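Bear in mind the structure is a predicted one, so any value in this text is a computation, not a measurement.
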Amino acid sequence: AGKRRGGGMPERGCLRAWAAESEALAGRWRAARCSGAGTAAAQEVRQLRGGFGELLLRMRGLPAALPTLPLELTVLYNSLLFTMGAFDSATEGEAEGIHQGLLRVLEVCGACGQDLSTEELWQKVLREVTVEDLQAPLHRLGALQAVWWLSAGRLGSTASLFRLLSNTEDTGRSHCHEGENELLSLLKAWRVPAEQASLPLLQSTEDLKEILCTTAAFQQGLQELEAGNFPTALSLLQEAAGGFCSKRVLAQIYTCLGCCAQRMGKPQTALQHLKQALQVDFQCFPALSHMAAIYHELGETDAELQALGLLDEALEEKSPAAASSSPFFLIQTELLVHTPILALILRHCHPSEVKYLLAQRCLQDGREADAAEHYLDFLALLQEGLQQQVPLDCSSALPRIPEVFLEAASALEQAGRHQDAIIMCEEVISRTTDLIPRILQVKERLEECPLPGAGLAGGLLSQKESLCCLAWRTAAYLHQGWAWANLGERKEAITQFSRCLSDLLRVQLCGSGVELTENLLPELEVLQKIRLLSLIGRGVQFLELGRHKEALLDFHYGLQTLPGDPAAASYLVQALWKLNRKQEAAAHWQKFSQGPPGQEHHGRPFPLYLVSCVKQAMFPDRDSLARSIQDYLRTTKDPLS
C-alpha cells in the first residue's frame, strides 16, 4: 500500500481495497441497525467506529492525492459520525479531525494553511478549491462543522459557513426575507450536492441538513426565551416543532412552547402544548410538572392533584436508567442542544419532591387525610435511608426536614390522628434539644457567625439557624398542646403550652426594642406568632377548667404580644364575662369592635405548619358573644351603648 506511481499516486489496487473495506464497514453498519439494540449491537458499533478510524489512519499515511481524496473525506465523515454519536456531543477531537481534513484538501491543491484558524481555513478551501469531485465531500464535512459549531453555540460562525457553501457571502442576506431568521434561511437555501453512489454514507447529508434546521430553530428559540423575547421564541420553537427530530425531542420542544406561552400569560395555550408533549412522549415527565404548576396558578386544585398523582405513579414505575439516544441514529438534535435554560425547563422532579408537593397541596386544600398519608410516604423514604432521593438544589420545592415533620403533624392532627401527631412532634423536639443555646441574644441584624453552646457534629450553628431550631421546637410543643387538648387531656395540654412559652424565654432582644418590634425579622415574627398561639391555647384550657383568672392573664399577655389580635381580644372579653366583670368586658368589646379589622397579621405569610394552630386558636362563636354583650348594654342602658 505504500508504493506510489508517478505524480504521487498510490496503486489502483490500493484505492480499490480501501473502497471495498469502506463498503464492507458500511454494510456491517446497515446489518447492525436492522438487528436492533442490544449488547451485541453496541459492541458491533464500537468495532465499526474503530474500523473506520483505522482505515482513515492508513489512508492518511500516504500523501494526499486527488483520486483518493473523495473516499478519504467520506471515511473521515463516517468516522466523525460515529465519534459524535458515541459521546453524545461534539468534542475537540472532531474539530481537529475536520481541521486536518481541510489541510489535506489544500495539500492536494499545492496550498498551505497550517497557521489558519478553522474559519479562515474554510474560507480558503471553499474559495480556492473548485474540483467538482470534491464539492460533495466538502459540503458533507461542512455539515459536520456546523454540527460542531451549533453544539458549541457558535451561531455566527455557522451562518458564515453556509454563506460560503451557498456562495452568498457577497449578497449577505439575499436568502433572508424581512422578518425571517437569517441562519434558518441560509440552511434552507443550502443545496446539497448530489452524492456519489460509490461512496457509502452512514447518514445522508440531507438528513444532516434537516437536523441542522431543527437544531438552529430550537437553539435560537431557547435563546430568545431566556432573553424574554417571547413572540420570537414562540415562532422559532414552532418552526423547530415542524422539523426533523425524534419523538423525545419533539416532546421537549412542546414543553418549551408551553413554558413560553405560560410566560406570555396564556395558561390555556400552555396547557395545550404540554398535553401535546405528553401525547408525543408519555415519559416527558417535565411536561406533567409544568402542567401541575399551571393548574396551581389557575387555582384548579383537582387538576393539579391529578397531574401530580400521575407524575408520582410514573416516577415510581420509571426504569432506573434510560438510553439518552438511539445508537443507530448517529447525529441527532438532542446531541446538539444542551443550554442551561433547557436543563432548567426539563428538570426532572425527584419522587420525594412530588410526594411532598402532593402532601402540601392536599393540606392547603383541606384534604387532611390524604395529606397525612402523602406526608407519611415521604417521611418513609427518609426513614428507610433513601436521603439520596431528596434533591438539595435551590430549585427544589422541599422545605427543611423539621418543617416537613411539623406539616405532617398538622395534617395528622386535623385528620383526627392526635396520638400520631404527638409522636411526630416528639421527633422534632428530640432532634433540636441540643441545638439551641440557653440564652439566645438577638440583635437588629442576625449574625451568621456560630454561637457558643449550639454544637453540631459538623460545627456550631449560626444565630439565624438557632432561631429556626427554636421555632421548630416551640411549634412542636404548640402542636402537642392542641393535640392533647383535642384528646380531652387539659392538664397535659397546659403542660405542653407552658413548655413552649418557657422555651421562648430563651430569646433576648438587644438594641432598639421599637425597631425590633416594628420591623421584625422573619424568624422573630414566627416566634411571636407561636407565643401568641400558645398563650391562647393555654388560656382556653384554663377556661375549660374554670380557672378564669389564669385564662384572663394569658389572653392579656397574648394581646401584648400581638396587639389587636381578634382571637386573643375575643377570649379576653369572654374571660372577663365569666368572671362577672361584665361592664369591663363590654368596654373592651367596644374598644376592639371600633378598631381596624384584620389586625391579626400583616406582611409575610406564616409557615404552613402553623395554619392548623391558627384555626384552632380562632374564637368559636364571636356572634354569640356579641349578642350577649349587646343584650347586657341594652338591659343596663350603659352609657357605652
Identify whether the distance between the nearest side-chain nitrogen and carboxylate oxygen of D302 and R367 falls below 4.0 Å.
-> yes

What residue among L212, T215, N181 forms side chain to side chain contact (heavy atoms under 4.5 Å, CB included) with L187?
-> L212

Given side chains that start at C-beta, do those of Q360 and L608 come closer than 4.5 Å, heavy atoms only?
-> yes

Parallel, tilted or perpendicular, as decided by the 30° and 60° cut-offs, for the rings of Y254 and H273 = parallel

Trace of the side chain to side chain contact (heavy atoms under 4.5 Å, CB included) decision for E72 with V75 | CA-CA 5 Å; E72 180 181 329; V75 172; 5.8 Å; no

Should S22 and F52 count as side-chain neighbours, where that means a heavy-atom distance under 4.5 Å?
-> yes

Beyond-backbone contact of H290 with C259, side-chain heavy atoms, under 4.5 angstrom = yes

Answer yes when E465 and R400 have at least one side-chain N-carboxylate O distance shorter than 4.0 Å, and no when they do not.
-> yes

Salt-bridge criterion met for R163 and E182 (N-O under 4.0 Å) = yes

Relative to the ring of Y356, is the ring of Y375 parallel (under 30°), tilted (30 to 60°) or perpendicular (over 60°)?
-> perpendicular

So, for L305 and L358, which heavy atoms are closest and what is the spacing to 0.1 Å?
-> O-CD2, 3.9 Å

When you look at CD of E119, are more than 12 heavy atoms from neighbouring residues, nucleotides or ligands closer to it than 6.0 Å?
-> yes

Evaluate side chain to side chain contact (heavy atoms under 4.5 Å, CB included) for V614 paired with K529, printing each intermediate quantity in order.
-> CA-CA 9 Å; V614 173; K529 188 67 174 181; 3.9 Å; yes

Could you tell me whether E368 and R417 make a salt bridge, using a distance below 4.0 angstrom between a side-chain N and a carboxylate O?
-> no

